[in-house]
Amino acid sequence: MLELTYLRNQGQEAVDALAKRKINAQDTVASVLQLDEQRRNGQTELDQLLSEANQISKEIGNLFKAGKAQEAQALKQRSTELKEITKQKQAEQEVVKAALESKLVELPNTPYHLVKEGAGEADNEIVKTVGEIPKLEGVAKPHWELTEQYDLISFDLGVKITGAGFPVYMGKGAGLQRALINFFLEENQKQGYKEFIPPHFINAASGFGTGQLPDKEGQMYHMGEDDLYAIPTAEVPITNLFRDEIVNRADLPIQCTAYTPCFRREAGSYGKDVRGLNRLHQFDKVEIVNVCHPDESYALLDKMVEHVEGLLQKLELPYRILRLCGGDMGFTSAMTYDFEVWSAAQERWLEVSSVSNFETFQSNRMKLRFRDENNKTQLCHTLNGSALALPRIVAALLENHQTEKGIKIPSALVPYTRFEWID
RNA sequence: GGAGAGAUGGCAGAGUGGUCGAAUGCGGUAGUCUUGAAAACUAUUGACCUUCACGGGUCCGGGGGUUCGAAUCCCUCUCUCUCCGCCA
């Protein structure tokens, strides 16, 4: 949620920035400002009425004490009258506030100045491409064949017990999964991240805090009986740990990491995009989340990018980094870098990480603040990124590292798998 | 799931219809003292809305009600604790 004061003071700047997403926010911003004005005026009026009512009540109390019941009775009349008026005024205010809130929530985050205008994927900037593309044309098997050949993952068993998009990992397939999770968690800890194991279900307030609700309602699994949502990413429970908190400035940046399964309905996906491990309803991911001072968020974003890069290098995977254009960024993000690894058999890039700075967009919703030098509360910045999402990493590892002997495990990972080959 | 108790400021905890945004203690901050620290002492210390400012307003778990007036009375929801039951 954008900050009201920002829209008040720099409304046009916000509209211009949002144009990078190829959306015209002129009207929405205008009605936000109009409703805000209306709300403030109403509030002033209401406050004056309440002030009068408070004063009269006090006087009545004093009069009763002084034994002047007659005069007190006379004042009661005005008091009752005021009660009616304030009640009505309050109801009006509620309506205005709700309207303001619903308009404000419609607006996505304003892109950072470095973000290029664009409509979608095609307009993303390639920041860099690193590593050698393996030359396996013709002989390379796609991962969905390799997982079957080496008995690593069963998609069919998953279909039987749950449905499509819920794979069953087996043997070295399961071991590889566990090894990657541990590898990522430990690498993250070396960077100063503290590990958490959060709940896998969240309430609606948490979904709202990080921006999944109301925007992505249909993408989450919802358990109606208990009104809980299965987490689409660890970002949600982890960032919401800090909802309604005033954190110590000295504690910033707060760095958290967590492994969780992630659940996504992926309504509307089809075709080669969903083949094998490319897109799943349940998958494993290790996430990093940062809560920091506004001045340091972009430096921290760079640091996160560097860290994720390091992980991909240790896994010996060719990758490229994209800076997303306005139109391809998520609703809540101010700037996002995507990481893609090369899939040698599918011969295409697969997204494995998304690292974003949300600035105050989430913290404003969550009321996540710190105290500045003047002891004033100020919104923190929040950031997060995948470090890393497993399925496509597994797909790329299997495809890129396949040999006639079997699949070679990258040496950095061997201490975790305790096997060097899948054969 | 059944029965009971409870929810007050960063924490602990008083307050049962008016002068209570709320005693007191702890904690935090600043100062005095000290070579330094501790202790002691002094002062200060909630959030939010509104206003250029003075000021005004809201908040005692959430929502509703009674009353001129509610932290305090009533209804309701949520959560926590204790006991019983069930259970990894």
Side-chain angles (χ1 to χ4, degrees), chain A residues 1-9 32-105 197-209 213 223-229 237 240-252 254 261 291 360 363-380:
Chain A
M1 190 159 67
L2 293 173
E3 292 177 73
L4 256 179
T5 45
Y6 170 66
L7 292 176
R8 259 181 231 152
N9 301 330
V32 163
L33 292 178
Q34 190 261 322
L35 286 164
D36 177 47
E37 174 105 29
Q38 198 181 333
R39 196 203 115 249
R40 284 191 289 165
N41 290 339
Q43 188 67 46
T44 309
E45 263 179 72
L46 177 61
D47 284 354
Q48 278 163 359
L49 291 168
L50 286 171
S51 176
E52 192 187 338
N54 285 342
Q55 223 166 1
I56 290 179
S57 289
K58 270 183 196 170
E59 277 174 47
I60 291 173
N62 289 334
L63 287 171
F64 271 122
K65 262 187 201 157
K68 298 176 185 168
Q70 280 299 66
E71 290 174 49
Q73 288 299 341
L75 276 178
K76 271 196 190 184
Q77 202 183 348
R78 172 64 181 157
S79 184
T80 311
E81 198 180 300
L82 275 173
K83 195 185 162 187
E84 287 301 314
I85 303 172
T86 53
K87 211 169 172 181
Q88 199 194 334
K89 194 80 208 165
Q90 246 152 4
E92 280 172 33
Q93 280 298 95
E94 287 311 312
V95 173
V96 175
K97 274 198 235 173
L100 174 60
E101 170 94 359
S102 74
K103 277 285 168 199
L104 198 52
V105 161
I197 301 178
H200 298 169
F201 297 157
I202 48 139
N203 56 30
S206 297
F208 180 81
L213 294 175
M223 280 144 281
E225 197 165 3
D226 297 296
D227 196 19
L228 296 172
Y229 296 84
N240 274 284
L241 294 173
F242 304 99
R243 173 152 48 87
D244 293 321
E245 296 286 334
I246 299 176
V247 298
N248 279 327
R249 186 158 186 253
D251 292 339
L252 300 177
I254 302 172
V291 175
T360 59
S363 60
N364 190 31
R365 289 181 163 216
M366 287 193 292
K367 301 288 165 263
L368 162 53
R369 293 157 296 167
F370 68 99
R371 253 173 236 289
D372 65 18
E373 314 71 49
N374 305 318
N375 231 24
K376 286 279 204 182
T377 57
Q378 199 181 327
L379 293 171
C380 299

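Residue numbers begin at 1 in each chain, while the letters A, B, ... track the order of the sequences. The structure presented is a predicted model; accordingly, all values stated were derived computationally and were not measured.
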Requested in this report: State whether the number of non-hydrogen atoms from other residues, nucleotides or ligands found under 6.0 Å of A:Phe201 atom CZ is greater than 12.
Outcome: no

Residue set satisfying side-chain hydrogen bond (donor to acceptor under 3.5 Å, both in side chains) with A:Asn364, at least two apart, ordered chain then number -> none

Here the distance between atom P of B:G46 and atom NZ of A:Lys376, to the nearest Å, is 12 Å

Numerically ordered, the residues 92-99 of chain A set in heavy-atom contact under 4.0 Å with RNA chain B is none

Hey, is the side chain of A:Arg371 poking within less than 4.0 Å of OP1 or OP2 on B:G28, counting only N and O atoms? no

So salt bridge (Lys or Arg N to Asp or Glu O under 4.0 Å) across residues 90-105 of chain A, not counting sequence neighbours, yields A:Lys89-A:Glu92, A:Glu94-A:Lys97, A:Lys103-A:Glu106

Separation of B:C49 atom P from A:Asp36 atom CG, nearest Å, is 11 Å

How far does the C1' atom of B:G57 sit from the matching atom of B:G21, given to the nearest Å? 13 Å

*asked:* Once you apply a heavy-atom cut-off of 4.0 Å, does A:Arg249 come out as touching a base, just sugar-phosphate, or nothing?
replied: nothing

Considering only heavy side-chain atoms of A:Arg39, the closest of B:C49, B:A47, B:U51 is B:C49

Exercise. Considering only the P atoms, how many Å lie between B:C84 and B:U16, rounded to the nearest integer?
Worked result: 34 Å

side-chain hydrogen bond (donor to acceptor under 3.5 Å, both in side chains) filter on A:Glu245, not counting sequence neighbours, yields none

Across all chains, not counting sequence neighbours, the side-chain hydrogen bond (donor to acceptor under 3.5 Å, both in side chains) partners of A:Arg243 are A:Ser206, A:Asn240

Residues at least two apart in sequence or cross-chain that pass salt bridge (Lys or Arg N to Asp or Glu O under 4.0 Å) with A:Asp36, listed by chain then number, are A:Arg8, A:Arg39, A:Arg40

Whole-Å distance, A:Lys89 NZ to B:U50 P, equals 16 Å

When A:Ile246 and A:Thr44 are each assigned the nearest nucleotide of RNA chain B, the 5'-most assignment goes to A:Ile246

Sorted by chain and residue number, the salt bridge (Lys or Arg N to Asp or Glu O under 4.0 Å) partners of A:Arg369 (sequence neighbours excluded) come out as none

Its contact letters, B for base, S for sugar-phosphate only and - for none at protein heavy atoms under 4.0 Å, make nucleotides 57-78 of chain B read SS------S-BBS---------

By side-chain hydrogen bond (donor to acceptor under 3.5 Å, both in side chains), A:Glu52 pairs with (sequence neighbours left out) A:Arg78

Separation of B:C48 atom C1' from A:Leu4 atom CG, nearest Å, is 14 Å

Between CD of A:Gln38 and P of B:C49 the distance, given in whole Å, is 19 Å

